[in-house]
Enquirer: 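Please see the structure below; I have some questions.
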Protein chains: 2
Amino acid sequence: MAASSSRSATIRPLLTDRSDAVYQGLRRAIIEQALLPGDKLPEDAIGDSFGVSRTLVRSALTRLASEGLVEQRRNRGAAVASPSLASARDIFDVRRQLEDLAIRRLAGRLTPAQAATLRRHVERERSAAGRDGPESIRLAGEFHILLAEMTGNALLVRYIGEVVSRCSLILALYARPHSSDCAVSEHARLIEALEAGRAEEARQLMEHHIGAVQERALIERAPEGEQRLRQVLADYAQTIRGEAEA
Amino acid sequence: MAASSSRSATIRPLLTDRSDAVYQGLRRAIIEQALLPGDKLPEDAIGDSFGVSRTLVRSALTRLASEGLVEQRRNRGAAVASPSLASARDIFDVRRQLEDLAIRRLAGRLTPAQAATLRRHVERERSAAGRDGPESIRLAGEFHILLAEMTGNALLVRYIGEVVSRCSLILALYARPHSSDCAVSEHARLIEALEAGRAEEARQLMEHHIGAVQERALIERAPEGEQRLRQVLADYAQTIRGEAEA
DNA sequence: ACCCCCTTGATTGTATCCAATTTTTGCGCG
DNA sequence: CGCGCAAAAATTGGATACAATCAAGGGGGT
């Protein structure tokens with residue numbers, strides 16, 4: 001559809017947040033593993049897909065790059081970022097620290113409505129946990145974003161949103177697919193501790209939870225042969241990519 | 001070839017990071033208070049000043065907006081951000097948490113060379129402390145960025161860089177000018193604690209230091225009459241701006 | 001046959017142009 | 001003299017066009 005004659009026949013949707021649409025679309029595609037780390041992101045092709053010009057695509061790519069989801073190299077185009085294991089560790093370190101702030105802000109201050117919202121979300125996670133698709137990863141991340149939003153701290157929301165995205169990317173790169181169900185119960189226990197005002201317990205739960213996620217990402221498994229592992233996994237990603245394109 | 005037609009008479013400096021030049025220039029102007037919160041940032045005028053087209057200016061403005069230094073409103077142009085007191089508190093909260101991570105990473109792990117670099121920087125701060133110009137604010141911020149860089153954590157560097165910039169903006173907005181000398185000695189003591197490996201002391205020093213910076217920003221002084229204070233200060237900024245333009 | 005250089009094609013970087021929206025100016029009216 | 005409304009000017013949003021750069025393939029030389 002759309003198509004018809006030129007572009008004036010269709011009512012322009014809103015005339016601005018079309019760049020947001022590109023941004024959201026690409027972001028989701030990356031997080032849900034439809035686009036794999038290393039995949040090239042040519043401006044023309046993306047623009048054609050979304051029906052916008054390179055201008056808006058470029059804006060979206062720049063935004064994604066500032067969040068660390070894509071890499072932009074001078075005159076060589078953009079590509080889905082493939083974070084190294086070293087930078088993955090850095091990201092998890094920062095994430096731990098930011099989530100700790102969120103927990104301290106929320107412990108004992110959760111309204112019943114907020115708790116209910118969180119529990120509803122965990123329920124959705126639980127129902128998605130069966131199929132180990134990428135939806136699981138996305139929902140798990142959104143739980144943390146929900147927590148951040150409840151602090152009312154806009155900057156914290158932005159930062160946690162970013163690190164969660166990047167962690168999703170890391171998981172997509174390094175984690176084995178069938179392993180994210182236990183996270184659901186961890187989320188549930190976290191809600192309980194927050195609601196009961198047991199701040200220290202909540203902090204430790206979160207600390208342990210992030211640690212578990214990190215471990216799931218195989219980071220702990222390659223303390224030395226890091227370089228070799230990266231090579232292997234890069235090849236593996238290459239294979240999948242080839243299949244997808246064919 | 002490459003022709004000497006039209007504008008190619010001048011050797012193009014590097015052909016890409018010209019947008020970076022715009023970004024850096026604007027950023028510095030904002031942090032050093034040459035541009036005050038609320039000042040409009042028209043794309044044309046900026047482009048003329050820097051000798052680039054609106055395209056690159058837009059890119060720079062977007063980047064600055066993503067860091068919170070400018071506000072971009074739909075169809076109404078960009079302006080230097082004027083963070084509210086509420087968001088200022090949020091920013092300081094996040095900053096405390098991020099700086100704490102940096103300190104924990106550095107305590108007891110500072111190389112002699114790093115310590116020397118830091119001391120050299122503090123010396124520059126000391127010499128700039130006399131005149132209470134904006135250079136003082138900038139140098140104080142750069143000390144924290146230096147610390148972040150020494151952790152080797154690129155994400156932490158980026159985040160601390162952002163919050164430091166935004167704190168500079170907040171100080172420019174709310175702080176009285178003649179009050180930032182004591183920070184220098186706090187920086188010096190922090191270096192000592194880090195070098196000696198007294199992690200807990202270093203953490204508390206930093207905590208206290210950020211608290212002092214925050215207090216200097218008058219945030220604690222306006223727990224209630226917030227709205228009124230903002231109005232007053234907006235008027236004050238208006239006056240200064242008028243003088244500068246005349 | 002292999003390697004190097006040059007040409008060709010694809011893709012990005014930047015400027016300019018048109019459309020759309022906001023803001024200002026000017027004017028008539030109460 | 002102030003207020004609302006309309007037209008104009010200024011400014012931004014987005015697309016297109018052109019220049020520059022990078023990746024690859026093809027001839028010629030050794």
Side-chain angles (χ1 to χ4, degrees), chain A residues 2-26 35 38-66 70-81 238 245, chain B residues 1-26 35 38-66 70-81 238 241 245:
Chain A
S4 53
S5 65
S6 62
R7 59 186 94 21
S8 43
T10 63
I11 322 149
R12 297 262 200 93
L14 257 174
L15 186 63
T16 15
D17 44 16
R18 285 183 297 156
S19 61
D20 253 33
V22 179
Y23 165 80
Q24 301 277 357
L26 287 176
L35 292 170
D39 278 355
K40 288 274 299 177
L41 299 172
E43 299 173 356
D44 270 340
I46 297 171
D48 287 351
S49 304
F50 283 90
V52 299
S53 87
R54 282 178 48 215
T55 305
L56 299 190
V57 175
R58 182 181 266 285
S59 155
L61 287 175
T62 298
R63 220 171 128 195
L64 288 165
S66 85
V70 320
E71 288 167 359
Q72 279 182 312
R73 283 154 311 181
R74 134 119 81 210
N75 278 323
R76 302 173 114 214
V80 179
Q238 189 76 37
E245 280 175 6
Chain B
M1 42 176 67
S4 43
S5 64
S6 64
R7 63 186 130 293
S8 47
T10 63
I11 323 151
R12 297 265 198 91
L14 256 173
L15 187 61
T16 15
D17 44 14
R18 283 185 298 156
S19 62
D20 253 33
V22 179
Y23 165 79
Q24 301 276 358
L26 287 176
L35 292 171
D39 278 355
K40 288 273 300 176
L41 300 171
E43 298 172 356
D44 268 338
I46 297 171
D48 287 351
S49 303
F50 283 91
V52 300
S53 88
R54 283 176 48 213
T55 306
L56 298 190
V57 175
R58 266 175 90 89
S59 157
L61 287 175
T62 299
R63 220 171 127 195
L64 288 164
S66 85
V70 320
E71 288 167 359
Q72 278 180 312
R73 285 153 309 181
R74 134 119 78 205
N75 278 322
R76 300 168 130 224
V80 179
Q238 190 75 38
R241 196 179 321 137
E245 279 175 5

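In what follows, every chain begins at residue 1, and chains take the letters A, B, ... in the order their sequences are listed. Note that the structure is a prediction, hence the values are computed from the model and not measured. Atoms considered below: every heavy atom in the structure, side chains included; atoms not considered: hydrogens, waters and symmetry mates.
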Enquirer: When rounded to the nearest 0.5 angstrom, what distance separates OG1 in B/Thr62 from CD in B/Gln72?
Expert: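 If I round to the nearest 0.5 Å, the distance is 4.0 Å.
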Enquirer: Can you tell me how far P of C/dG13 sits from CG of B/Asp17, to the nearest Å?
Expert: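 Those two atoms, CG and P, are 12 Å apart.
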Enquirer: Hey, could you give me the CG/CG distance between B/Leu41 and B/Leu35, rounded to the nearest 0.5 Å?
Expert: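 Between B/Leu41 CG and B/Leu35 CG, I get 6.0 Å after rounding to 0.5 Å.
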Enquirer: Checking side-chain contact (heavy atoms from CB on, under 4.5 Å) against A/Ile46, which of A/Leu56, A/Val52, A/Val57 comes through?
Expert: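 The passing option is A/Val57.
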Enquirer: Can you tell me how far CZ of B/Arg73 sits from CG of B/Asn75, rounded to the nearest 0.5 angstrom?
Expert: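 Taking CG in B/Asn75 and CZ in B/Arg73, the distance rounds to 11.5 Å.
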Enquirer: Take the protein atom CD of B/Glu43 and the nucleotide atom C1' of D/dA10, then report the distance between them rounded to whole Å.
Expert: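 Taking CD of B/Glu43 and C1' of D/dA10, I get 12 Å after rounding.
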Enquirer: More 5' along DNA chain D: A/Val52 or B/Asp44, using each one's nearest nucleotide?
Expert: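 On the 5' side of the pair lies B/Asp44.
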Enquirer: Going from OG on A/Ser59 to CZ on A/Arg18, what distance comes out if it is rounded to the nearest 0.5 angstrom?
Expert: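 It comes to 11.5 Å.
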Enquirer: Please pick, from C/dT22, C/dG13, C/dT14, the nucleotide with the shortest atom-to-atom distance to any side-chain atom of B/Leu56.
Expert: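 The listed nucleotide nearest to B/Leu56's side chain is C/dT14.
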Enquirer: Establish whether the base of C/dG13 is bridged to the side chain of A/Arg54 by a donor-acceptor pair shorter than 3.5 Å.
Expert: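 Indeed, a donor on one side and an acceptor on the other fall under 3.5 Å apart.
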Enquirer: Can you measure B/Arg58 atom CZ to C/dG13 atom C1' for me and round it to whole angstrom units?
Expert: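 These atoms are roughly 16 Å apart.
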Enquirer: Reckon A/Arg18 has a side-chain N or O less than 4.0 Å from the OP1 or OP2 of D/dA15?
Expert: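 Affirmative; the distance criterion is met.
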Enquirer: Can you check the B/Glu71 CD to D/dT12 C1' distance for me, whole Å?
Expert: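 These atoms are roughly 17 Å apart.
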Enquirer: Is there a side-chain polar atom (N or O) of B/Arg76 under 4.0 Å from OP1 or OP2 of D/dT12?
Expert: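 No, no such contact exists.
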Enquirer: Could you give the CD-to-P distance, from A/Gln72 to C/dT11, as a whole number of Å?
Expert: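 Interatomic distance, CD of A/Gln72 to P of C/dT11: 16 Å.
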Enquirer: Rounded to whole angstroms, how far apart are CG on A/Leu61 and P on C/dT12?
Expert: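 In whole Å, C/dT12 P and A/Leu61 CG are 9 Å from each other.
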Enquirer: Check whether any side-chain nitrogen or oxygen of A/Thr55 sits under 4.0 Å from OP1 or OP2 of D/dG14, and answer yes or no.
Expert: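 For D/dG14, OP1/OP2 do not have a side-chain N/O of A/Thr55 under 4.0 Å.
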Enquirer: Expressed in angstrom and rounded to an integer, what is the separation of B/Asp20 atom CG from C/dT14 atom C1'?
Expert: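 The distance from CG of B/Asp20 to C1' of C/dT14 comes to 15 Å, rounded to the nearest Å.
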Enquirer: In whole Å, what is the span from the CD1 atom of B/Ile46 to the P atom of D/dT12?
Expert: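 So the CD1-P distance, B/Ile46 to D/dT12, works out to 8 Å.
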